[in-house]
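Both ligands and their constituent atoms are indexed starting at 1 by order of listing.
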Amino acid sequence: MSEPVTGVRALLRPDLQGRTPYGAPQLDVPVALNTNESSYPVPDAVVQTIVERVGEVAASLNRYPDREFTRLRTELAAYLTRTTGPVLSADQLWAGNGSNEVLSHLVQAFGGPGRTALGFTPSYSMHPIITRSLGTEWVDGLRGSADGLFDLDVDRAVEQARTTDPNLVFLTSPNNPTGTALSLDVVAAVYDAAPHAVIVVDEAYAEFARPGTPSATTLLAGRDRLVVTRTMSKAFAFAGVRLGYLAADAQLTELLRLVRLPYHLSAVTQAVALAALEHADLMLGMVEAIKTERDRLVDGALSLGLRPVPSDANFVLVGGFVDAPRTWQALLEEGVLVRDVGIPHHLRITAGTPQETDAVLAALASVGGSDREEQVR
Ligand SMILES: *Cc1c(COP(=O)(O)O)cnc(C)c1O
């Protein structure tokens with residue numbers, strides 16, 4: 001029997017009783033490869049522009065910021081147009097303090113009590129947490145994995161979308177924690193199979209995708225229930241700023257104004273994000289280098305007898321551990337922090353600098369723990 005809930009805990013909303021908060025460990029270790037941040041600092045030239053722009057707004061911080069963050073929406077639209085193809089306008093853009101806030105605006109507007117959101121597990125742990133915290137029912141759909149690669153094929157996705165008939169669907173491409181991008185056929189088919197749903201494609205890692213992986217922004221025209229979310233936290237190397245955004249039909253973004261808190265994007269956040277967008281090429285300058293390290297992680301894991309999942313992201317999900325939590329602990333004792341995402345026999349490793357790749361591969365070799373090794377013994 002569990003302890004009776006007493007004190008202020010007894011006052012908590014019943015549907016939140018017993019839930020656990022998001023909690024990736026924040027530990028001070030030499031090699032931190034557990035939250036898919038960039039290991040590279042913000043370039044000096046960008047730091048200078050940031051300091052200038054913050055200086056310019058500092059004296060007017062007595063006033064509320066531009067509630068419509070119009071310049072920022074304009075620049076984000078230009079960035080997506082330039083990098084993904086279709087011409088997008090400022091009124092199709094929306095932003096928040098991290099894409100997590102943008103996702104919560106979507107659930108606030110289109111979910112809620114009596115409504116349902118569908119996602120395909122394993123995927124980003126915040127999708128169900130945000131959904132449930134807003135009183136929306138979460139349906140844990142499944143990815144196909146006969147091959148152990150966690151792919152989501154059209155038939156499997158469509159069938160689950162039809163039977164659930166949800167109000168929201170979360171698709172993550174490239175998927176976290178598995179790393180692989182989703183075919184746009186799946187997005188288009190799920191859109192048609194869930195006619196009452198807003199379809200959210202979470203593209204937090206899109207800039208790292210292998211060549212020839214189009215963005216779901218190319219599907220936006222003519223699909224007014226489709227949303228593509230992005231973030232500056234990963235490829236932009238700007239996780240500390242908290243800036244996420246989305247592109248969708250202008251009528252959909254208009255509805256998000258019903259749920260946002262007034263002036264949700266501070267003047268400092270807007271100024272800093274604009275400074276980074278001015279230097280988008282510099283900010284994205286390490287993406288190719290990180291992709292190289294990702295591919296080295298895949299090759300290195302393979303040669304250690306482990307089973308890495310193909311990755312379009314800045315991390316690799318590595319399978320083939322006898323006891324993943326034990327290996328996670330052993331790596332930590334070597335000063336290497338990776339992520340145990342709760343998938344048996346798997347650990348997720350962020351791609352960082354060449355030195356970090358060397359360190360994590362050396363640590364993996366020294367702690368052992370692959371199941372192929374075990375078979376040899
Ligand atoms: C890291 C991540 C995000 C980013 O969240 P922010 O709030 O923008 O930092 C969003 N979606 C997925 C799938 C992620 O892995």
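Residue-level proximity to ligand 1 for Thr172 is carried by the side chain, the only part with a heavy atom below 4.0 angstrom.
Using modelled atom types, no side-chain atom of Glu333 and backbone atom of Trp328 make a donor-acceptor pair closer than 3.5 Å.
Residue contact check for ligand 1: Arg242 places a non-hydrogen atom closer than 4.0 Å to it.
Near Asn100, the atoms of ligand 1 lying under 4.0 angstrom from a non-hydrogen atom of the residue are 5 (O), 6 (P), 7 (O). Taking every heavy atom of Ala204 and a limit of under 4.0 angstrom, the matching atoms of ligand 1 come to 2 (C), 3 (C), 10 (C), 11 (N), 12 (C), 14 (C). Which parts of ligand 1 touch Ser233 is read off a 4.0 Å heavy-atom cut-off, strictly below it: atoms 6 (P), 8 (O), 9 (O). The contact set between ligand 1 and Gly98, taken as ligand atoms under 4.0 Å from a residue heavy atom, comprises 6 (P), 7 (O), 8 (O).
Atom CG of Asn62 sits in a crowded spot, with more than 12 heavy atoms from other residues, nucleotides or ligands closer than 6.0 Å.
Tyr205 and Asn175 share no donor-acceptor pair across their side chains, judged by distance under 3.5 Å alone. Checking His196 against Asp165 by side-chain atom types alone, a donor-acceptor pair falls below 3.5 Å.
Contact annotation: the side chain of Arg230 approaches that of Glu207 to within less than 4.5 Å [non-hydrogen atoms, C-beta and beyond].
Here the protein heavy atom with the shortest distance to atom 11 (N) of ligand 1 is Asp202 OD2, 2.8 Å. Nearest non-hydrogen protein atom to atom 1 (C) of ligand 1 is Lys234 NZ, 1.3 Å. For atom 6 (P) of ligand 1, the nearest protein heavy atom (residue, atom name, distance) is Ser99 N, 3.4 Å.
At under 3.5 Å, not a single nitrogen or oxygen of His127, backbone or side chain, sits near a nitrogen or oxygen of ligand 1.
Distance CG/Asp66 to OG/Ser266: 12.0 Å, rounded to 0.5 Å.
The hydrophobic cluster containing Val227 also contains Met126, counting ILVMFWY residues as joined when their side-chain heavy atoms lie under 4.5 angstrom apart, directly or transitively.
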